[in-house]
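This report concerns only the one structure given below.
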2 protein chains.
Amino acid sequence: MAPRTRRTEALSRDRIVEAAVELLDTSGEAGLTFRTLTERLATGAGAIYWHVANKGELLEAATDGVIAAALTVEPAGAPRDGIRAVALGLYDAIEHHPWLATQLTSQLSRSPWGSVTPRIFEAIGRRVHALGVPEGHRFTTTSALVTYILGAAGQNAANATSAVPHASRAEFLDAVSKAWEELDPDDYPFTRAVAAEVRGHDDREQFLAGVDLVLAGITAVHLPARPGRAG
Amino acid sequence: MAPRTRRTEALSRDRIVEAAVELLDTSGEAGLTFRTLTERLATGAGAIYWHVANKGELLEAATDGVIAAALTVEPAGAPRDGIRAVALGLYDAIEHHPWLATQLTSQLSRSPWGSVTPRIFEAIGRRVHALGVPEGHRFTTTSALVTYILGAAGQNAANATSAVPHASRAEFLDAVSKAWEELDPDDYPFTRAVAAEVRGHDDREQFLAGVDLVLAGITAVHLPARPGRAG
DNA sequence: ACCTGAACACCGTTCAAGT
DNA sequence: ACCTGAACACCGTTCAAGT
């Protein structure tokens with residue numbers, strides 16, 4: 001395959017990051033190497049290192065750009081709906097860019113001072129505040145929500161990447177269901193019993209159900225029912 | 001460093017997996033290579049490939065062994081306490097073996113028919129059932145719990161691995177808190193406001209608080225209050 | 001059946017040399 | 001200042017050859 005880019009414009013950090021995102025989207029984390037990247041950009045490895053310190057920084061920049069775009073959610077509406085919208089925005093972003101999952105986990109912990117962590121934290125936390133969660137509980141509550149959202153979305157991204165490539169989603173779930181039904185009845189009574197529920201389930205619905213479960217928990221623990229306030 | 005093992009016994013799959021776990025625990029995911037492994041076992045690469053198909057299978061086996069050990073939790077007690085105990089068991093296992101985090105995410109999705117997924121699912125799900133969650137909601141509820149637990153534990157494992165190596169936990173949290181306090185007041189009012197709460201927080205406590213939040217949500221949504229049942 | 005270890009096709013990164 | 005591209009020190013995996 002001939003290089004897509006003929007180097008009309010000069011190289012720049014932005015163009016490098018852009019190409020990296022394209023490679024990641026097209027061929028996954030393994031598809032981004034300095035070889036594929038130099039080929040795509042019609043340049044040499046050293047040229048890339050002139051603009052970017054190392055592969056980690058490249059991945060950070062790629063993540064930041066995509067997440068910033070994903071978090072531009074309409075600001076208005078009830079806090080609960082806002083949280084659902086932000087959650088879905090992240091879910092969809094991770095589904096379309098499965099390489100985000102790994103990246104988010106490592107950036108949230110490795111560099112919480114970077115821009116990605118505050119961005120996500122702010123988008124959720126602001127609405128947790130608006131929900132009425134009292135001071136002193138906002139950090140923990142927001143952390144729990146962010147953890148669930150990124151954990152679930154990440155799990156889902158792994159689902160998307162993996163699996164036998166040509167097997168449809170339905171076939172995959174069918175295989176899991178079958179495998180669970182054949183587990184030892186003494187050791188795995190529960191897993192066997194819910195095996196059938198695996199078959200039809202919708203990942204996105206299940207994700208939202210989880211968000212609602214956490215929201216219900218927040219309501220129950222931190223927002224004692226008052227007359228005139230809807231559940 | 002001289003090889004620790006002098007090859008007194010014959011090579012076996014078990015000994016290889018055992019050595020892999022030791023290397024992973026000692027030097028992290030990057031520390032396990034076929035070079036370090038052959039050195040440790042005083043053998044050649046081909047010998048390992050005779051017992052194990054590839055590196056992925058090696059990581060699977062390592063994960064399975066450690067998780068099975070971590071899930072041997074006392075069976076009795078109230079379901080809620082059982083869930084907390086299982087959750088903490090997984091949390092601690094991942095904290096002691098941070099490489100588990102990545103591994104669990106990929107195994108839960110890539111091979112839900114493997115032994116790891118059913119093991120975790122069964123340990124939590126059985127107690128979700130005992131809690132009284134009605135049929136038709138057990139799969140989704142258990143998924144949400146497992147997602148939160150593995151997501152939080154995984155995030156924590158990343159914390160453990162990363163950070164400037166010599167910085168103490170307190171110093172690290174202090175740096176994060178400071179960085180958050182310096183964010184733009186217009187863009188990050190919430191994050192700035194909770195920056196102080198980062199400083200003192202205990203990860204384990206916060207993890208458990210999250211589990212309790214999900215449990216409260218399950219109670220609120222699926223276990224309508226009845227006279228004679230304690231919250 | 002089980003093991004050896006050189007060889008292969010990759011990585012990320014560096015760096016003298018060019019313009 | 002910006003870029004080239006060969007070279008370095010690694011990877012995981014294979015495979016003819018040994019016992």
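Residue numbering restarts at 1 for every chain, and letters A, B, ... go by the order of the sequence lines.
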If you restrict it to nitrogen or oxygen atoms, what contacts under 3.5 Å exist between nucleotides 12-17 of chain D and the protein, and what is each distance?
from	atom 1	to	atom 2	distance (Å)
D/dG12	OP1	B/Lys55	NZ	2.6
D/dG12	OP2	B/Phe34	N	2.9
D/dG12	N7	B/Arg35	NH1	2.5
D/dG12	O6	B/Arg35	NH2	3.0
D/dT13	OP2	B/Tyr49	OH	2.7
D/dT13	OP2	B/Lys55	N	3.0
D/dT13	O5'	B/Tyr49	OH	2.9

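One can place CG of A/Leu37 at 13 Å from P of D/dC3, the figure rounded to the nearest angstrom. With rounding to whole Å, A/Trp50 atom CH2 is found 6 Å from D/dA1 atom C1'. Between A/Glu39 atom CD and D/dG5 atom C1' there is a gap of 15 Å when expressed in whole angstrom units. Across the protein-nucleic acid pair, A/Arg13 atom CZ and D/dC2 atom P stand 14 Å apart, rounded to whole Å. When the C1' atom of D/dC10 is taken as reference, atom CD of B/Glu29 falls 18 Å away, rounded to whole Å.
In this structure, B/Phe121 has its ring center at least 6.0 angstrom away from the ring center of A/Tyr188.
Within the 4.5 Å cutoff, no side-chain heavy atoms of A/Val176 are placed close to those of B/Thr117. Side-chain contact between A/Asp64 and A/Arg119 is present, with heavy atoms from C-beta onward closer than 4.5 Å.
Partner assigned to D/dC11 is none, using Watson-Crick or G-U wobble distances below 3.5 angstrom. Base-pair partner of C/dA17: not found among the strands shown (Watson-Crick or G-U wobble, both distances under 3.5 Å).
If you take atom P in D/dA17 and the same atom in C/dC2, they sit 22 Å apart, rounded to whole Å.
OP1 or OP2 of C/dC3 has at least one side-chain nitrogen or oxygen of B/His51 nearer than 4.0 Å.
With A/Arg13 as the partner, the side chain to side chain donor-acceptor pair (under 3.5 Å) test is satisfied by one option alone out of A/Glu18, A/Glu57, A/His51: A/Glu57.
A/Lys55 places a side-chain N or O within donor-acceptor distance of the main-chain N or O of A/Leu32, the cut-off being under 3.5 Å.
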